[in-house]
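Below is one structure; the comments refer to it alone.
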Amino acid sequence: MGVKVVHRHGDTLKEKMYLPAIFAGMKVTLSHFTKNISNINDMQDVCYPEQMPSDITPRYRGVHRLTKRADDSIACVACFMCATACPAECINIVATLREDNIDEKMPQKFEIDLLECIFCGYCVEACPCDAIRMDSGIFSIIERERKDFIYDKEKLLSIKGAFGSENSHAK
Amino acid sequence: MVNISVDNQKIEVEENALLIKVLQDNDVEISHFCYHEALGVDGNCRMCMVEIEGAKRPQIACNTLCKEGLKVHTKSPNILKVKQEILELELINHPVDCPVCDQAGECSLQNYYMDFGLYGSRHSVEKTKKAKHVDLGSNVMLDQERCVLCARCTRFTQNISKSNELFIIGRGDQARVSSAPNKPLNNPYAMNVIDLCPVGALTSKDFRFQQRVWFLDSVESICHGCSKGCNITIDHNTTKFDNDRIHRYRPRRNMAINSYFMCDEGRLSFHKENKKSRHFPFNASTLRTLMCTDESKKVMLANASLSVENLSILKLFCDKYSIELFSLPIVDETFGDDWLRNSVRSANASALEFLEISSSYEAFLKAAQTSKLLININHPLLFENIESHAKIMHFTTHDFEDMGDMRNIVSFASYSHENGTLINSDNIIQKFSKSLHNIHSENTLHHIFTQIDNTLYKTQETLWSGYISKQLGLGFSDIQKMGTKLKGVNNA
Ligand code: SF4
Ligand code: SF4
Ligand code: SF4
Ligand code: SF4
Ligand code: FES
């Protein structure tokens with residue numbers, strides 16, 4: 001079978017030497033360090049959880065949610081791409097026939113074990129239907145029992161997007 | 001013999017051999033949809049184009065005969081371009097719904113797109129709509145939009161099953177596969193069209209949406225549905241919250257036995273293997289007291305689908321403790337036909353003669369009358385009530401109805417849990433391999449009986465070298481990959 005070659009970054013001499021990038025990173029760290037040490041009373045921090053961070057951006061990978069189509073039906077077609085891409089193997093899908101004539105296939109079960117998830121976002125990238133997103137803005141999850149950290153389909157569908165775009169953009 | 005050259009490699013072939021077959025046999029990748037060894041040449045898909053030196057235009061490999069000095073190029077830039085264009089044509093009205101298509105991962109169209117396609121779509125008008133889920137009958141679902149009109153399925157029903165259910169109707173972009181009204185696909189081999197279909201147009205209702213194929217583990221095995229012994233691949237896996245389960249059987253090519261096919265009943269027989277069964281552990285010393293030390297008359301009835309190894313260990317055990325051993329093959333006259341299906345439904349019935357195990361029903365009934373203990377090794381006859389006052393000890397792979405006193409039940413691993421060999425109705429001995437790993441896998445019959453009497457051959461290797469090879473007249477390592485024909489019992 002053929003292989004689609006995707007161009008990888010990082011093959012210039014400067015990138016291959018690593019050191020320039022490391023120094024660039026150290027420069028940022030050091031500048032913060034000197035700035036903070038010289039002005040210790042004005043350090044940027046938040047008293048979490050009394051004070052919530054206010055700088056969550058749309059790219060922030062929060063708790064997953066399953067999106068819906070414009071007609072309010074589930075967008076996921078149970079293709080297992082997310083489960084295939086997931087390095088933590090924490091997505092459990094059971095597919096079933098979809099009876100509503102909108103599509104052929106949908107998940108009967110869709111569970112993410114958030115204790116196993118490493119919040120890498122690969123599932124979001126893998127999804128061909130824009131059906132799973134991590135744009136909920138939720139960064140802290142508190143439950144009483146381990147099993148409650150397994151979010152099921154209903155729970156994932158009920159989570160709202162935090163940045164305005166609610167429905168799946170897939171065609 | 002003539003000499004041809006393929007991509008500048010010299011190959012010696014039979015004169016007039018079919019070029020596409022020569023390429024396949026020599027592991028030269030040649031894309032194709034319509035050609036199939038069992039169905040012959042149709043020449044409709046044009047995916048097998050090759051460049052032949054001296055010919056004006058690209059030729060199809062499936063209709064080219066090998067002549068002396070033929071020079072073939074399968075990967076020249078010109079050919080790759082031709083293939084890309086054919087593929088583009090093929091995909092014009094294709095719905096590209098790979099995410100919901102069960103064939104994804106083992107689809108020729110997908111693979112060829114990755115090999116030769118990789119173009120951007122130039123299509124700007126609406127795609128032609130056709131029926132997306134047609135239930136053709138016999139567990140076969142048709143999606144007309146995904147079809148590449150290779151006519152493999154229709155040729156199967158015309159030339160092989162000879163039941164003529166499928167046709168291609170309409171022309172141009174309206175051409176589609178269909179069955180006649182009120183004449184569903186209905187023959188005992190119908191589900192083979194699912195394997196034949198190179199794309200996801202024909203899918204199995206039984207497997208539909210169960211798994212993505214790349215999650216499956218495949219193991220080579222033998223169907224235990226009847227004594228034909230069709231070669232199969234067992235696709236199974238363990239999912240996150242479920243035990244190891246079989247998801248499908250697929251026929252595996254063996255030209256001496258089943259060619260490319262198998263019957264639907266055999267194909268669906270994995271459901272029985274998957275059936276949840278309780279685990280009845282065995283206690284070696286209780287069984288030893290019951291079967292070995294007691295002097296009274298004992299009779300054992302073994303299922304004739306047990307592997308050669310298991311039957312041998314039972315035979316050795318029974319000979320040692322003077323237990324009368326019988327094995328009655330199950331015969332169903334309505335099942336057999338003149339192709340694959342055989343009326344003898346016990347997969348290893350031919351082994352009984354080699355292992356000198358009695359298969360006389362009358363003798364068994366007579367012995368059972370006077371016996372004090374009946375030992376049942378998974379034989380359906382004794383799961384029903386037969387007339388006997390003897391105590392019955394059941395060894396079973398699956399739960400059965402009316403299990404009565406559960407203290408007299410021991411469960412053991414069924415065939416998908418262990419390695420073994422079977423002798424089919426043509427005296428061909430074949431190996432099958434272990435696929436399932438679960439709670440039952442430990443307790444093979446071999447393990448149980450060597451625990452009861454640990455002087456018996458402990459491993460399959462010693463059992464073969466010490467006993468079976470003498471009975472069959474060949475050693476384990478002599479068995480070929482596609483099975484080895486045994487000489488008859490008398491000249492063994
Ligand atoms: S974020 Fe990563 S680990 Fe978590 S479910 Fe998605 S792919 Fe899996
Ligand atoms: S969320 Fe997306 S990738 Fe995962 S199964 Fe559903 S459609 Fe496929
Ligand atoms: S349904 Fe499959 S096998 Fe039949 S013509 Fe279409 S692509 Fe070929
Ligand atoms: S013909 Fe017999 S051996 Fe072959 S698939 Fe059917 S049941 Fe199995
Ligand atoms: S395989 Fe040769 S034309 Fe289809």
Side-chain angles (χ1 to χ4, degrees), chain A residues 1-7 69 73-117 123 125-132 146-147 150-152 168 170-171, chain B residues 29 31 75 80 83-84 87 95-121 126-127 129 131-135 141-143 145-146 200 203-216 237-242 245 247:
Chain A
M1 208 199 359
V3 175
K4 191 168 179 176
V5 182
V6 180
H7 177 73
R69 301 173 196 225
S73 69
I74 183 169
C76 172
V77 297
C79 69
F80 287 71
M81 291 302 142
C82 51
T84 306
C86 177
E89 297 183 7
C90 62
I91 305 180
N92 180 46
I93 305 173
V94 175
T96 185
L97 185 73
R98 187 166 182 161
E99 309 271 12
D100 57 8
N101 275 332
I102 297 174
D103 213 315
E104 264 192 289
K105 195 179 174 190
M106 65 178 225
Q108 181 193 54
K109 259 194 199 165
F110 192 113
E111 297 168 337
I112 302 181
D113 188 336
L114 293 175
L115 289 181
E116 291 180 358
C117 173
C123 48
E125 273 183 58
C127 181
C129 300
D130 188 20
I132 187 167
R146 279 177 167 266
K147 69 169 177 15
I150 302 177
Y151 279 23
D152 63 7
S168 160
K171 278 176 274 172
Chain B
E29 266 181 50
S31 55
K75 294 181 185 66
L80 295 182
K83 286 192 181 182
Q84 190 189 49
L87 209 56
V96 204
D97 51 358
C98 306
V100 294
C101 176
D102 273 337
Q103 190 85 2
E106 52 181 16
C107 172
S108 299
L109 202 51
Q110 247 185 356
N111 293 349
Y112 297 156
Y113 179 79
M114 296 305 288
D115 286 339
F116 320 110
L118 297 178
Y119 55 82
S121 174
E126 279 277 296
K127 293 190 176 191
K129 291 265 177 290
K132 274 205 75 72
H133 10 254
V134 185
D135 189 347
M141 290 294 277
L142 165 68
D143 183 326
E145 292 184 352
R146 292 182 194 149
T203 50
S204 156
K205 241 174 148 182
D206 189 63
F207 179 67
R208 210 166 142 83
F209 305 158
Q210 296 298 307
Q211 282 291 315
R212 300 311 317 241
V213 295
W214 55 86
F215 292 130
L216 297 174
N237 72 359
T238 314
T239 50
K240 200 168 165 68
F241 297 115
D242 204 356
R245 283 166 64 79
H247 291 286

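Just the heavy atoms: all of them, side chains too, but no hydrogens, waters or symmetry mates, feed the values below. Chain identifiers are assigned alphabetically (A, B, ...) following the order of the sequence lines, protein sequences preceding nucleic acid strands; residue numbering begins at 1 within each chain.
Contact annotation: the side chain of B:P95 approaches that of B:K132 to within less than 4.5 Å [non-hydrogen atoms, C-beta and beyond].
For B:Y113, no part lies near chain A; criterion is any non-hydrogen pair under 4.5 Å. Neither the backbone nor the side chain of A:Q108 comes within less than 4.5 Å of any heavy atom in chain B.
A salt bridge does not link B:K83 with B:E29: every distance from a Lys NZ or Arg NE/NH1/NH2 to an Asp or Glu carboxylate oxygen is 4.0 Å or more.
Other residues, nucleotides and ligands contribute more than 12 heavy atoms inside 6.0 Å of the NZ atom of B:K240.
Most heavy-atom pairs under 4.5 Å with chain A: of the set B:F215, B:F209, B:F241, this distinction falls to B:F209.
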Compile the donor-acceptor pairs under 3.5 Å between side chains in residues 73-93 of chain A and protein atoms, sequence neighbours left out, one pair per line.
unit_1 : atom_1 : unit_2 : atom_2 : d
A:S73  : OG     : A:D71  : OD1    : 2.8
A:S73  : OG     : A:R98  : NH2    : 3.0
A:T84  : OG1    : A:F80  : O      : 2.6
A:T84  : OG1    : B:W214 : NE1    : 2.9
A:N92  : ND2    : A:E111 : OE1    : 3.1

